[in-house]
Each structure stands twice: as C-alpha cells, then as structure tokens.
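Okay, so here's the structure we're looking at.
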There are 2 protein chains.
Amino acid sequence: MSGAPHTRRPATLASLAAELGVSRTTVSNAYNRPDQLSAPLRARVLEAARRLGYPGPDPVARSLRTRRAGAVGLLLTEALSYAFRDPVATGFLEGLALACEQAGQGLLLVPVSPEHADVTAVHQAGVDGFVVYSVREDDPHFLAVLQRPVPTVVCDQPIGVEGVDRVGVDDRAAMLGMARHLTGLGHRRFGVLCMRLTAHRHDGPADEARQAQTSYPVQRTRLAGLRDGFAEVGVTWAEVPVHERFEHTIDAGAAAAAELLAAHPDITALVCTSDILALGALRYAVQHGLGVPEELTITGFDGVPEAERAGLTTVRQPVRDKGQVAGELLLERGDRSKPRQVILPTELVVGTTSKAPRALHRFFSGW
Amino acid sequence: MSGAPHTRRPATLASLAAELGVSRTTVSNAYNRPDQLSAPLRARVLEAARRLGYPGPDPVARSLRTRRAGAVGLLLTEALSYAFRDPVATGFLEGLALACEQAGQGLLLVPVSPEHADVTAVHQAGVDGFVVYSVREDDPHFLAVLQRPVPTVVCDQPIGVEGVDRVGVDDRAAMLGMARHLTGLGHRRFGVLCMRLTAHRHDGPADEARQAQTSYPVQRTRLAGLRDGFAEVGVTWAEVPVHERFEHTIDAGAAAAAELLAAHPDITALVCTSDILALGALRYAVQHGLGVPEELTITGFDGVPEAERAGLTTVRQPVRDKGQVAGELLLERGDRSKPRQVILPTELVVGTTSKAPRALHRFFSGW
DNA sequence: TTGAAAGCGCTAACAT
DNA sequence: ATGTTAGCGCTTTCAA
C-alpha cells in the first residue's frame, strides 16, 4: 500500500508558495476558495503539494486564524470509559454524535478523571462549545467549562445555570406519575433506591438531611416527585426508607435491594431512580425467591433496552433525542441571545413488575 | 449559580500582561510554570485574570505554538452514531477511552459520513495522531489520515500498511479453529454469512470472484480460515454457499439466514463472521421452528455479551483490550522507529448452538 | 486573478 | 525571577 512520511513536516503553506513562486494567498485559496484562482494554477498548486508531501493547511493554525475549531467538547460526569458501559449514556452519545455528524463537527471527549480534580483537560480542549452531560452542580470541570468563552449546553443537570441552554425531561412529573401508578395499585409501604447524591462515596440509607444535601438535582427532583405522589395518599416521606448507591451498576442495585429489604421487610413496592438499579433489585429478588410482582413490586427509570426486555415497569425517556437536541442547540447558528430550555416528554411504561400488593390480592379474592 | 460572560473574549494573555505591567512570559508562566515566578506575583496575575474574565491561555494558540493538540482522532468505518449501537465498537471505544483518559488525552470522534466522500473532516481534526478502527482498504478518509504527518494506529484493518502500527487478532487461526470444531462434530454441509465485502451495497450470494474482490481484509481472512479448515476434511470451498449482508444488524442476519437456507435447505451448520449476524440467524431459526442445534448449528464471531447470553458458539476476542492497546500504541512515547504489530489472543467458546448434525445423531443412537 | 502586509494568541529560547 | 525577541502556520482585508 501507499507509503508516506508519517514523521516530519517539512512542507508548509509558505514553503510551498515559495517553491512555486506564488503568494501564500494563492496556495491558501487553492484549498479554501477554488473559485478565486484559475483552474490550471490550482492544479499546479495541488500537484506541487502532492509532490512535496504537503498535507494541506495545518488544522490548528487554521483554527487559530479562523477562531473555530470545528469540534464540540463533551463533558461527562464519570470517567470517559464509563460512558460506553452505561446504556443511557450510550444512547445520549449516539444522538449527540448524530447531530455533530450532520453539522460536520467533531466530537471531542474530554478526559476527566473524577478522582483527580484536574481541570486542565477542559482548558486544553480546542472546541467551539461544550455539551455537559449530567454532572453535579459543584463539579470543578463544569465550573472550568463555564469559564471558557464558548457556548454551553447542559443535559439534565445542573439545572438553572445562568446563560446556559439545557435539555432534559420533567423528572418530577415523571416520578409523580410513577408514584400515582403505585398508590393507585394500592401500595402504601415503599422503599426507594437512588443513585449517588454527593461527590463523596456513600452507600446505604440516605435520610432527609442527606437528601437535602444532594448536588445532583435530578435525583432530588425524582425523589420530590415520589414524595408528592405518596403524600397524596397520606404516606409521609419520613416513613419511606431511601437507600443510596455510589456505583451505578446492576451489582450495586442488587446490594442496595438486599440491604433495604433486610431492614424493611414489610415494603411492598421498591422504587428505583434508574433502570440499572432496578435490574439489580430484580436480580436480587429472583435469586432469593421473592416473587415479582406478587410479593414485591419493582420499578425503574429510563427505559433502557434491557429493562424493556425484562418487562420492567419504568419511565421511558428519549435519551437519544436528548443527545441530538443538545447537539442541535449548541450548533444551531440561531438566536443565542436568550438561553433556551427544552423539555422532552416521558412515558410511563407499565410492565410486568408492578401489581397490587399481596394484601389486596387477598382482599380482592375474598370479595 | 455563578454567571460569566459566555459571549465575547476581550481579554488575552497580552492584554492581561499589559494591564499588570508585566511581560507576557510572566503571565504565561503563571499558568504553565508556577515555579518560574514568585508566589505573590503569580497570585496577582491570577487575581487580575479573574477580575478581567481572562479564561486562561487559548488552547488553540497554545497548540499551534507547542505543536501538540492533546487529543487523539478516531476514524470509524461507519457513521459516527453507529459506533454507539454496535457492541463490538462500543467495547473498543471503552478501551480506547480508558487509554486516552490515563494519558490525559482527549478523544476526537471524526465526523465521517460514509456516503459523502468528504475528507475535509480528517483535515480539520486538530489531533496528535489517529486511531483507525476497522475501515476498508480503499477508504478515502483513511487515505487522508495517511497524508497527515501524525502517527497512526490501525485496529483490525487495513492490514499491512507501511509505517502504521496495528492491533488485531489472528482471524484466520480463529476461524480455522471454528471450522475444526464443526468438522470435528461431523458437519460437512456448510453455509456462511459474512459482513459487507465492498463499499458498494450488495446483499445476497457472494461467489468466489466477489470474495476475492473484497476491500475488507478481516472478512477475507476469516473466510480463508474456514476454507482451509473445511479443506482438511475434503469439503471444497466452491461448494460452500456464502451470503453477504451490507448492513450489520440482527435484522440483516435474519434476512440473510432466510435467504441462504431457502436456497440450501440441506446445510447442517451456518457459520457467521459476526455475532450480530449469528443472532439474527438464531432469531430466524427460532421463529421458524428450526431446532438449534438439533436441526441446525449456528456460530458467530466476537463474543459480545448478547451472544454469551444466548449461548452462542462463537470466537471470543478481546475487543476492549484492542481499544486499550491501540491507544497505548499511539500514545506511547517509546520507539516509533519500527512499526509494531500486536496480535491479541482469541478463544473458541462452545455454547449451546453447535452440535453434531442430525444424521450423526441417528448414527450414534443406532450404535 | 494575484500579492503584500498584518496579525490570530501563545510559548520558548535567550537575555538580563 | 522577569523581560525581549521570534516566530508556530495560517487567513484575510486591501491594494495591484
């Protein structure tokens, strides 16, 4: 196959121009404005470029001059590699990639290790704007993004940042709907499994004080939806045990379910703030002979394919659309004057993991 | 939350220096070499920067000067968004992201629409090197990458490009192993489902002429492994029907299986060059009451999680490691003089979809 | 249609 | 410890 010198760069636009005895402008035009010079001259330039191994205008130098990098930066809450394991993040990425692709923009994944609070990666990123995917309010990387003089779009969280567009769903309304679904079935004793609430690892019960402290607005909002829904039937939030998990994995969900059910064996419905956690809970139930939904109702949030396959009762949200809208919002050449907020619809999906609690089964059968 | 002017950039390193009455070097050092100036002075600089809304050195200008972009470009064979749907690609990306993350390098997804042969995106990419994931030999984007004066690492294909590192597996040996597994079970009548062989859409039988034309070395090599394995028991390649599908989806696999089985109802083993195609074939078989493995043996290649769950007999390859090694190969500061080639191990996974053909069942039972 | 001049914003020698 | 001097490679008015 063809071989080329992949090592040094001797040739530059200026050297090429000198070699040809034309001006730098002409060479530049040969690449960027073919209509600004005669076809034969252009051919001569391109031929000489090939001969000298000139790879065309240096992208970085051009970016400096034109003040556009041709790429969008993506800031994720977790380690970069996590994004490819989590089905929700993957869906978001697919949508975002689609939008970038259509606009001919690159997508730069900014390397952030949540451990190291090293913000330099954000400063290094040669991008025309940032998409921020679901990071906590006080994330230093996010703060660094805000410093950058480029437009920013947030997906999900943080919420209410001045001058920043946002795409998300109505988490509170969605969870309120879920709560009503469950109370409508007759459930009154609930348990809740939620994702991490702070930057610091904590696994176990999360009391109201801790819930109030969360730096993840989405978790706060989902819990608020539940609280309000339960309140409608007289279940006070104080009596609902909430367990938190730092890791967002099926294993973590299973462990949390085990823990919560051990402490509160009387609950009839286990509400999870994500499908992954719910799938973990489901696995725990199956492995321990706990009938779902006969003995225990389990619900999730997100509507990932695995959940659908498992028949999980959940809230489906358009993750792919979120990514696409985020990209469009950022790349849209339009009115940047006032920040925009896009709220996408959700849908309650009643699967096979929710049902009236056992006591009512008996009640109804005795009828 | 904090608000900042996300619109204009009035402040620059030079203007800050002027404002403070110090040299540009000093301001630069304040950011890049804190040990090169007194702490108080540095504090003064940083304070002034905050006050004037100076976001720190412009990354593009710095890149131009330092000649490094701090990012790796990724070239994919398919549309960008496809990468997030295909489990093999996702695994690769996870590994690559991991390597980038560890090296503090960004990962730039280069937007290529396979339809438009528009190569500008490759020229625009401000990166220090490229990782090329499984593209065809004559891909114009790949050719454009080779022009760029930066190091390049290829995963899987193309093969044997001068001056380019590569990571892959021994596809021929792996498929040879699969062939022997099947011939060892007693199979003699095979059908093969393979992925696209050329840039142009073709769905249906692929005769030897077409197979020879392929611009995808991996497909060629996998078929060669089968051919050699079958030859060992006297099955000539000419008598093995090979069907090709352009799309790489479960639906495509199902359609291809239907087509091939209709034309060759006598085959006892259907070998697929990917798990996705095999899962499609499996679905077809299940839906049409064809017993697997009793009436038909089906095998795949890759070892994706879905395949494992389905009990597919397949070749497991370390897709995540491929990504990680590709990244390390590229980012490694070491010896760039001679191109390196890394071949990762594969493993034949015998699942529940392969078994001796029916004729032999009878034969053995009669024994 | 082509060329000359003027930077884009920054860093790295090399002084001091 | 701080400043001076040169560019990195390119695009873009503006003039010829």
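- For Asp156(B) (side chain) and Gly168(B) (main-chain N/O), no donor-acceptor pair under 3.5 Å exists by modelled atom type.
- Taking side-chain N and O atoms only, Arg24(B) has no distance below 4.0 Å to OP1 or OP2 of dT2(D).
- Here the closest heavy-atom approach between residue Cys100(B) and residue Leu107(B) is recorded as SG-CD1, 4.1 Å.
- Between the CG atom of Asn29(A) and the C1' atom of dC14(D) there is a distance of 14 Å, given to the nearest Å.
- Each of Leu329(A), Leu75(A), Leu96(A) was evaluated against Val131(A); a single residue qualifies, Leu96(A), per the side chain to side chain contact (heavy atoms under 4.5 Å, CB included) test.
- Here dT11(C) is the nucleotide among dT2(C), dT12(D), dT11(C) with the atom lying nearest to any side-chain atom of Pro57(B).
- Nearest-nucleotide positions on DNA chain D place Asp35(B) closer to the 5' end than the other of Asp35(B) and Arg65(B).
- Of the candidate nucleotides dA4(C), dT11(D), dG9(C), dG9(C) has the atom lying nearest to any side-chain atom of Asp58(B).
- End-to-end axis angle for the helix from dT1(C)-dA16(D) to dT16(C)-dA1(D), using five pairs per end and rounding to 10°, comes out at 30°.
- Distances shown here put every side-chain N or O of Tyr31(B) at or beyond 4.0 Å from the OP1 or OP2 atom of dG9(C).
- One N or O on the side chain of Thr90(B) and one on the backbone of Asp86(B) form a donor-acceptor pair closer than 3.5 Å.
- Each of Gly21(B) and Val27(A) has a nearest nucleotide on DNA chain D; the 5'-most of these lies closest to Gly21(B).
- Residue Leu37(B) places its side chain closer to dT2(D) than to any other of dA5(C), dT2(D), dC10(C).
- You'll find that the side chain of Tyr54(B) is closest to dC10(C), out of dT11(C), dC10(D), dC10(C).
- Thr26(A) comes within contact range of the sugar-phosphate backbone alone, with a heavy-atom separation under 4.0 Å but no base atom that close.
- Ring geometry, Phe84(A) versus Phe84(B): the interplanar angle falls under 30°, so the pair is classed parallel (tilted spans 30 to 60°).
- Among residue pairs with one or both ends in residues 41-57 of chain A, those qualifying as salt bridge (Lys or Arg N to Asp or Glu O under 4.0 Å) are Glu47(A)-Arg51(A); sequence neighbours excluded.
- When each of Arg67(B), Arg148(B), His123(B) is checked for a side-chain hydrogen bond (donor to acceptor under 3.5 Å, both in side chains) with Asp58(A), only Arg67(B) meets the rule.
- In this structure, the nucleotide among dA12(C), dT12(D), dC10(D) sitting nearest to the side chain of Thr25(B) is dA12(C).
- The residue from Val112(B), Val119(B), Val122(B), Val154(B) that alone fulfils the side chain to side chain contact (heavy atoms under 4.5 Å, CB included) condition with Phe142(B) is Val154(B).
- Side-chain nitrogen and oxygen atoms of Ser23(A) include none within less than 4.0 Å of the OP1 or OP2 phosphate oxygen of dT2(C).
- To the nearest angstrom, P of dG7(C) lies 18 Å from CG of Leu13(B).
- Across all strands shown, Ser38(A) has heavy atoms under 4.0 Å from sugar-phosphate atoms exclusively, and none from any base.
- For the pair Thr66(B) and dC8(D), the criterion of a side-chain N or O lying under 4.0 Å from OP1 or OP2 is not met.
- The side chain of Ala61(A) lies closest to dC10(D), out of dA12(C), dT2(D), dC10(D).
- Among the atoms of the strands shown, only primed sugar atoms or phosphate atoms (P, OP1, OP2) are found under 4.0 Å from some heavy atom of Val22(B).
- Residue Arg42(B) is out of contact with every strand shown, counting any heavy-atom pair closer than 4.0 Å.
- Note on Asn32(B): only backbone sugar-phosphate atoms sit closer than 4.0 angstrom, heavy atoms only; bases stay farther off.
- When the side-chain nitrogen and oxygen atoms of Arg67(B) are compared with OP1 and OP2 of dC8(D), none of them lie within a distance under 4.0 Å.
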